[in-house]
Amino acid sequence: MSTQSGQRLLWREVTVFDGLQTLPQSMAVCVEGGRIAGLWPMAEFDPAQAAGSIDAGRGGLMTPGLVDCHTHLVFGGNRADEFAQRLEGASYADIARAGGGILSTVRATRAASEDALFEAARPRLQAMLADGLTTVEIKSGYGLTVADELKMLRVARRLGRPEEGGLPLRVVTTLLGAHALPPEFAGASDAYIELVCDEMIPAAAEEGLADAVDVFCEGIAFSPAQCERVFAAAHRHGLARKAHAEQLSNLGGAALAARFGALSADHLEFLDEAGVQALAAAGTVATLLPGAFHTLRETRLPPLELLRRHGVPIALATDANPGSSPLFMPTLMLNLACTLFRLTPREALAGMTAHGARALGLADTGRIAVGRRADLCVWDVGQAAELAYAVQPGRLRQRVFDGRITHDRSQERTDER
Ligand code: DI6
Ligand code: FE
C-alpha cells in the first residue's frame, strides 16, 4: 500500500517504542493529516474512535522514523584508495597532513557539477530510507569556497524535495565551511576563517540554504579561538550551532559549543568531565558516532558513564562520509553503539529517534505521541532490542513519512524508485 496524504490510517496490536521507551501495552495508532491523531492501549480501544480509517496493518514494532543527525552525504568521488593506505599503516591524520583525506574529497567535490553531486548522493540516501530513515542532517564542508559550499547546500536541500527529483524525507542542512583549511589558504587559516564568517555564513543565511553552522575543532583543523569566531558569526545570522569536538584530542571544543548554546557536540571520545558538565548545563546534546570510531579503529571510548550521570541526552548518527565513516546504514549504528560504546539497545534507539531530533532542534519528529508528525517505521521484529542486536537489513515492513506510507514491504512495492 502506498497512501496519499490526508488519508486516515489505523494500525492495531502494535508494540510501540515512543522514542524514549517501549510502551507497556499493545497499542492502536491512528494517523491523519500528517500527524499522529490517536494512540490507545488495545484494551481501551473502541473501533468507533477510528471509524472510516484505512486498515494499515497489525502487529510488529512501531518506532519513530529514524533520525540521522550527522552526515556528510553530499561529496564527489570516494576514498577507497586511502582505505587501502590505512591498511598499509598510514593513519587518518598522516593522510590528511599529506594533502589527502578531506582535501582529496574537496578536489573531487569542487570538480563535480550540482547535478553530478545530486545523482551521486541520491542512491546513498535512498538506501538509508529503505533502512527506516525519515530525517537526515547533511553538512557541506567539501567545497571550502563560498560558491562550492553553497553548491553543496543546494544539493542537500534538493535531496529532500520529491518535486525536484529528491526523496520523501526531512533534510536539515548545516554549513561546515570550517571543516578543513583549503590549499589556497595554506599558512593563512585566520584569513580563511574570516572568509567563513564574513562571506560564507552571511551568504548561506541570506539564501536560506543552511539551518545550522558546524566547525571541526581539532589539531588537524581549527583552533577553539577560530571556532569561537565562527560560532559568533552563526549566532549573529540566526543560525544554530554544532561542533565536531574532542574526536582525536581534547581542545575544549564541546564546552565552547555549549557556551554558544549549540544544539549538539559530536564525536566526543576525548571529552572530560568539565566538558560533560558544560553540555549538561547548556542542554546541548552529545552525539556519538560509532561508525567513525569503528572505521578509524579508535581505542579511546566516549565517556558514557559521565554522560549518563550528568543526564546529557545522547544522540547517535552515522557520520556518513567518504573517509572516516563510509557507512550508509542507520540501523548498523544501533548495533555498533551497543557493541563498541556499550549503550543499551534502548539508549541506542532513543539516540536515533527522540535525541537525534533534539540534536537538530526538531520538536515535532522523533517521538510517537498524539500531535507529533507521523514519521514512523513498522518493523518485523518482536521487541525494540532486536533492532540493535542483529544487523539484518530487510526488517522494515512499512515506512511512513508525514502521514503517508512510502514503503510497504508487505505489498512488495515502494514508490521510491
Ligand atoms: N570529522 C569526521 O568524522 C568527518 N569530518 C570531520 O570533521 C570526516 C570527513 C572525511 O574524512 O572526509
Ligand atoms: Fe562528521
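One-based numbering, in listed order, for ligands and for the atoms of each. Hydrogens, waters and symmetry mates play no part in the numbers below; they use all other heavy atoms, side chains included.
Looking only at atom types and distance, the side chain of Lys242 has a donor-acceptor partner in the side chain of Ser264 under 3.5 Å away. A side-chain N or O of Asp68 and one of Thr318 form a donor-acceptor pair less than 3.5 Å apart.
A donor-acceptor pair is defined here as one N or O able to donate and one able to accept, closer than 3.5 Å; no such pair exists between the side chain of Arg399 and the backbone of Thr406.
Within the protein, the number of N, O or S atoms lying under 2.8 Å from the Fe ion (ligand 2) is 4.
Results of the side chain to side chain donor-acceptor pair (under 3.5 Å) test with Ser140 over His72, His179, Glu149 single out Glu149 as the only residue that passes.
Cation-pi contact between Arg154 and Phe118: absent, since separation from the ring centre below 6.0 Å together with deviation from the ring axis within 45° is not met.
Minimum heavy-atom separation, Met333 to Met352: CB-SD, 4.1 Å.
Ring geometry, Phe341 versus Phe293: the interplanar angle exceeds 60°, so the pair is classed perpendicular (tilted spans 30 to 60°).
In this structure, the side chains of His237 and Glu206 stay at 4.5 Å or more apart for every pair of heavy atoms.
Contact residues of ligand 1 (protein heavy atom closer than 4.0 angstrom to a ligand atom; sorted by chain and number): His72, Arg79, Tyr92, Ile102, Tyr142, His179, Phe216, His244, Gln247, His267, Asp319, Asn321, Gly323, Ser324.
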Apply side chain to side chain donor-acceptor pair (under 3.5 Å) to the pair Glu273 and His310, showing each step before the final yes or no.
CA-CA 9 Å; Glu273 185 156 13; His310 290 277; 2.9 Å; yes
